[in-house]
Amino acid sequence: ILNVEQSPQSLHVQEGDSTNFTCSFPSSNFYALHWYRWETAKSPEALFVMTLNGDEKKKGRISATLNTKEGYSYLYIKGSQPEDSATYLCASVFSARQLTFGSGTQLTVLP
Amino acid sequence: NAGVTQTPKFQVLKTGQSMTLQCAQDMNHEYMSWYRQDPGMGLRLIHYSVGAGITDQGEVPNGYNVSRSTTEDFPLRLLSAAPSQTSVYFCASSEQGYYTEAFFGQGTRLTVV
């Protein structure tokens, strides 16, 4: 079983702070990297799907980068807001058909 | 557009009972999958399907069966429920395998007593 690791497990930031977290994955047999946002009592929603080394994606104040050679992706949130509080999941695709998820980073933004 | 619909949202079963978790999507997606979510762990793949009539096992398939008779529906069957199957179950679909984003249902919280 190939492991996808996310760090930190949880963090608290103040409103207005910028933050980032990491997703690490085995670099061999890499196909794609997904990021999802998962709010309490809801279902995960996709943020980004990235496939190429050096990919950078942005959606509003959230952005992500991908390094497939060293096996990591960063998710950045600029100027965190309380509504950004959620668990952020990454998932790597090692074969053409299966997502392998990390355990998530739980973000709490304090007003 | 309903997306991915799961039923029921909550279920309590006694050990040894069987049941079916329903999943339907209206986006004409070929790829569908079932995951379970346990505390401290990531979503783990139970079974998946790449199209009608085609299913395969994921990471944790034991105790579960699936079938895919139509593009829209992908039910998950618990054959003989065990307390270890207490979990939150999510169904997901995607348009073109996992190069495209997955859409998730609302989840089913299952308790086996």
| query | Going only through I, L, V, M, F, W and Y residues with side-chain contacts under 4.5 Å, is there a path from B:Val4 to B:Phe74? | reply | no

| task | Take atom CD of A:Gln9 as the centre, draw a 6.0 Å sphere, and report whether it contains more than 12 heavy atoms from other residues, nucleotides or ligands. | result | no

| query | Side-chain heavy atoms under 4.5 angstrom apart, residues restricted to Ile, Leu, Val, Met, Phe, Trp, Tyr: same cluster for B:Leu45 and A:Leu99? | reply | yes

| note | Residue from B:Gly105, B:Ala102, B:Gly58, B:Ser33 scoring the most non-hydrogen pairs under 4.5 Å with chain A is B:Ala102

| query | Can you hop from B:Tyr48 to B:Leu76 via hydrophobic side chains spaced under 4.5 Å? | reply | no

| query | Shortest non-hydrogen contact from A:His34 to B:Glu101? | reply | CE1-CA, 4.1 Å

| query | If you round to the nearest 0.5 Å, how far is CD of A:Gln98 from OH of B:Tyr31? | reply | 11.5 Å

| request: Tabulate, in ascending numerical order, the residues of residues 44-62 of chain A having at least one heavy atom closer than 4.5 Å to a heavy atom of chain B, or enter 'none'. | output: A:Pro44, A:Ala46, A:Val49, A:Thr51

| When you measure from the side chain of B:Tyr35 to the backbone N and O of A:Phe101, does any donor-acceptor pair fall under 3.5 Å? | no

| task | Report yes or no: do A:Phe25 and A:Tyr74 belong to one cluster of Ile/Leu/Val/Met/Phe/Trp/Tyr joined by side chain heavy-atom distances under 4.5 Å? | result | no

| Considering all heavy atoms, the nearest B:Phe104-A:Ser43 contact | O-OG, 3.6 Å

| Hey, does B:Leu43 have a side-chain heavy atom less than 4.5 Å from the side chain of A:Leu89? | yes

| message | Is the shortest side-chain heavy-atom distance between A:Trp38 and B:Gln37 below 4.5 Å? | response | yes

| message | For A:Gln106, is the CD atom crowded, meaning more than 12 foreign heavy atoms sit under 6.0 Å from it? | response | no

| query | So which of A:Ala91, A:Gly102, A:Gly104, A:Ala32 has the largest heavy-atom pair count under 4.5 angstrom toward chain B? | reply | A:Gly102

| task | Please report the shortest heavy-atom distance between B:Gly40 and A:Ser103, naming the atom on each side. | result | O-CB, 3.8 Å

| message | Does any backbone or side-chain atom of B:Thr100 lie under 4.5 Å from a heavy atom of chain A? Answer side chain, backbone, both or neither. | response | backbone

